[in-house]
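Written below as structure tokens is the structure these notes are about.
Quick note: numbers below take in every heavy atom, side chains included, and nothing from hydrogens, waters or symmetry partners. The structure displayed is predicted, hence computed values, not measured ones. Residue numbers start from 1 in every chain, and the chains themselves are labelled A, B, ... in the order their sequence lines are given, proteins ahead of strands.
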Amino acid sequence: MSDDQQRTSTAGGLEDQRRIRADKVAAVRAAGGDPYPDRFARSATSADLHERFGALEPGAETGVVESVAGRVMLRRNMGKLIFLTVQDVTGSLQLFVSKADLGDDGFAAVVEIDLGDWVGATGEVITTRKGELSVKVGSVQLLTKALRPLPDKWRGLSDTDTRYRQRYVDLIVNEEARRTFRVRHQAVRSLRHQLDEEGFVEVETPVLQIEAGGAAARPFVTHHNALDQAMYLRIALELHLKRLVVGGIERVYEIGRVFRNEGISTRHNPEFTMVEVYWALANYDDMMALTERMICRAAQDAIGGYVVAHPDRPGATIDLTPAWPRRKITELITEFTGETVSVHDDVATLRATCDRLEVHFEHWWGAGKLVYAIFDKKVEEQLGHERPMFAYEYPTEVSPLAKPTPGDPDNTDRFELFIGGKELANGYSELNDPVRQRQMFEMEVAAAEHGDIEAARTVDEDYLRALEFGLPPTGGLGVGIDRVAMLLSGQPSIREVILFPTLRPESAEDIRRLAVDAADADDAAEPGEHSGA
RNA sequence: GCGCCUCUAGCUCAAUGGCAGAGCAACGGACUCUUAAUCCGCAGGUUCUGGGUUCGAAUCCCAGGGGGCGCACCA
């Protein structure tokens, strides 16, 4: 490519910095060393040492020798003395490097260390005259050479595109990013512990499915070559987990990735993580209580309290202290819109209400979809800003897998949980009447034929067969893990709690553009034997 | 899909139609107690891409691309 010839010199630029670092790799090899050694016997982490020796007086000498390792984040050269700040997974620690201790050769090797390199060091644990806990280095070893420079040591990396595409760099330099994913991990672990303690069994069900059911969403489509079969990535966990309750696993859950072929926003990623829980002999009332237990414990375990920052309202907080209020959706519609509605109203009346409220509707919608549309567009975003809110009694028409409310077949025993205007959970008493379930599936197929692109296009015959063997009374629940992580970490965007969010692809050519290849390293090791490109 | 905003050195940001700059990082040097070390010096640019307007464009206009936010979509 002629690009190389046209490109002007970049001394001090990225290309130059990487060439200089590649030269150092070659120099280490030329001296018989290994810039990428096999392992390092670390005896203590940064946190270990801060915990054991955090209270020492300035100028203390402990006589304790430890081996530490980490990435070099800061360097302060003082002539014959060098301070390195190294970061490991537990925190940061200072290395005190003296030419008098290391000798000329050892000290010269430390001079070659760059920001971003991984190093291992062994020496006495001391504090400096200013009182900083340090390892007074007796020997130091390069563990991995970094060829690319780190972002600004003080300002870090703030460009969101780069932060998401190069999450590894974000995690190196941004403590906030590390904290967010620690909170997420603790929340997930907590949910799992709570369910395990209550006797729930964790399972894994298929991601690749012949028909994607259990929610209203457009699936991703793929193809299995050997079976010559179109397959779909799952949009929910529900139908397989209820099959397992039929099989006698009375308390079952799965934490899993689901995929929906929809738009991307601060609250939506095409692949996201749900936990779904099914509990035989329980109903939606029990599931609301379980939801509360799970999220409250996650808050305690992840952030140590019930008060969280409101993600979208600076300065405001949300109090998760139980018990959370429970309200019927029709009551909430009246409270927030002033309109009185019911699924028992005729369609014309409800359409007129939608018109007054400027809620869009389609001609094939029945009373249930119209009521739900009003709730969805006008009420949901206003719920849960001070305390979480359970909304319940959802129309049957929008709840094809939920059990009808006793004495009111047009409504179901279903609830959703709202916190900060966002839906975090959805649950119900499960529909276990196979005849009625078949009717609901057939209505969905009809809706699909009317043009509802998210309705199931086929009847899931195997699921109906399972129901015919008898699904006991069962309560079900789905919780959006990403949104729980957003809530507990205080992050306003789902991309901040997903390590590698979905983005448009980056050109591989751009990434590779300045890659250091073997020829560069050879040139550096044996200058003069190659003519250069 | 639509609207608004945004893209300048490896990173963080200036330059509002008139010489493309700073800090950090890099490079050369001084320094045995620093804490974003300090000090001296030096270098680094496809101003996202392609057109256009203009004596002159990072800046204005058009088209395209990346990103952000909002809307739409999202039981």
Side-chain angles (χ1 to χ4, degrees), chain A residues 3 6-21 58-59 73-85 92 94-101 107 114-116 126-134 136 147-166 169 173 214-218 235-236 238 260-270 272 360 368-369 372-373 375-377 380 394-402 412 414 416 422-423 426 428 444 447 452-456 478 492-493 495 503-507 510 514:
Chain A
D3 286 4
Q6 288 172 356
R7 189 168 295 121
T8 52
S9 165
T10 58
L14 178 61
E15 189 176 354
D16 195 48
Q17 293 194 44
R18 297 179 69 226
R19 182 183 49 73
I20 288 163
R21 288 169 178 236
M73 298 302 292
L74 294 171
R75 192 188 56 201
R76 295 174 288 279
N77 282 20
M78 307 290 301
K80 298 188 179 70
L81 195 59
I82 298 175
F83 297 92
L84 299 176
T85 300
S92 293
Q94 179 168 274
L95 300 184
F96 179 101
V97 183
S98 163
K99 192 171 189 176
D101 295 332
F107 194 79
D114 290 300
L115 297 185
I126 63 159
T127 57
T128 62
R129 287 177 202 164
K130 295 280 175 61
E132 176 82 14
L133 184 68
S134 307
K136 190 167 188 288
L147 295 180
R148 292 182 185 246
L150 292 176
D152 188 293
K153 67 184 179 186
W154 185 239
R155 310 288 286 271
L157 184 64
S158 62
D159 181 75
T160 52
D161 186 33
T162 310
R163 286 184 49 236
Y164 298 153
R165 290 189 196 280
Q166 301 180 38
V169 179
V173 299
R218 302 168 73 175
I235 57 174
E238 178 156 359
R260 297 186 182 180
N261 207 336
E262 291 158 357
I264 296 174
S265 77
T266 50
R267 290 169 294 282
H268 300 87
N269 196 64
F272 62 102
H360 171 81
K369 276 200 165 129
Y372 177 76
F375 179 73
D376 190 37
K377 298 300 177 198
E380 285 191 0
Y394 280 67
T396 303
E397 189 182 349
V398 295
S399 312
L401 299 164
T412 58
R414 173 185 171 194
E416 290 187 330
K422 298 185 181 77
E423 179 195 337
N426 175 26
Y428 33 86
E444 278 208 273
D452 185 344
I453 54 176
E454 288 168 351
S493 168
R495 295 185 196 89
L503 300 170
R504 281 192 168 76
E506 187 180 16
S507 146
D510 287 347
L514 296 173

Closest to the Leu503(A) side chain, choosing from A26(B), G68(B), C33(B): G68(B)
Give me the distance, rounded to whole Å, that separates C7(B) from G45(B) when you measure between the C1' atoms they each carry. 15 Å
Under the side-chain contact (heavy atoms from CB on, under 4.5 Å) test, which residues partner Lys422(A), sequence neighbours left out? Arg267(A), Pro311(A), Asp312(A), Leu424(A), Met486(A)
Side chain to side chain donor-acceptor pair (under 3.5 Å) involving Ser265(A) - partner list, sequence neighbours excluded: His268(A)
note: Glu262(A), atom CD; G1(B), atom C1'; distance rounded to Å ~ 15 Å
Could you check which of U12(B), G10(B), C69(B) has an atom nearest any side-chain atom of Thr266(A)? C69(B)
Between C33(B) (C1') and Arg75(A) (CZ): distance, integer Å: 17 Å
If the condition is side-chain contact (heavy atoms from CB on, under 4.5 Å), which residues does Thr396(A) pass it with, not counting sequence neighbours? Thr412(A), Arg436(A), Met440(A)
Measure from CZ on Phe83(A) to P on U38(B) and round the result to the nearest Å. 14 Å
With a 3.5 Å cut-off and no angle check, do the side chains of Tyr372(A) and Glu397(A) form a donor-acceptor pair? no
Does Glu444(A) get its side chain close enough to the base of A75(B), under 3.5 Å, for a donor-acceptor pair? yes
Just wondering, more than 12 heavy atoms not from Arg218(A) lying within 6.0 Å of its CZ? no
In this structure, how many angstroms lie between the P atom of G45(B) and the CG atom of Asp16(A), rounded? 10 Å
Checking all strands, does Asp152(A) fall into the base, sugar-phosphate, or nothing category for heavy-atom contacts under 4.0 angstrom? base
Tell me every residue that passes salt bridge (Lys or Arg N to Asp or Glu O under 4.0 Å) with Asp376(A), counting only those two or more places apart in sequence or in another chain. none
Take atom CG of Leu81(A) and atom P of A30(B), then tell me their distance rounded to the nearest Å. 16 Å
Has Lys153(A) got a side-chain N or O lying under 4.0 Å from the OP1 or OP2 atom of A36(B)? no
Given C24(B), C13(B), U32(B), identify the nucleotide with an atom nearest to the side chain of Ser158(A). C13(B)
At under 4.0 Å, does any side-chain N or O of Arg495(A) touch on OP1 or OP2 of C69(B)? yes
From the candidates U12(B), U32(B), A25(B), the one with an atom nearest any side-chain atom of Gln17(A) is A25(B)
Measuring only the P atom in each nucleotide, how far is A43(B) from G23(B)? A whole number of Å is fine. 14 Å
Would you write out the dot-bracket form of RNA chain B, 5' to 3', with Watson-Crick and G-U pairs under 3.5 Å, [ ] for crossing pairs, | for pairs to other strands and . for unpaired bases? (((((((..((((....[..))))..((((.......))))......(((((..]....))))))))))))....
Output the single nucleotide from G68(B), C73(B), G10(B) whose closest atom is nearest the side chain of Leu14(A). G10(B)
Give Arg414(A) one of three labels, base, sugar-phosphate or nothing, depending on what nucleic acid heavy atoms sit under 4.0 Å from its own. sugar-phosphate
For Ser158(A), side-chain contact (heavy atoms from CB on, under 4.5 Å) partners two or more places apart: none
Nearest whole Å is fine: how far is C11(B) C1' from Leu157(A) CG? 7 Å
Nearest of C11(B), A37(B), C33(B) to any side-chain atom of Leu74(A)? A37(B)
Interatomic distance, Arg19(A) CZ vs A25(B) P [rounded to whole Å]: 19 Å
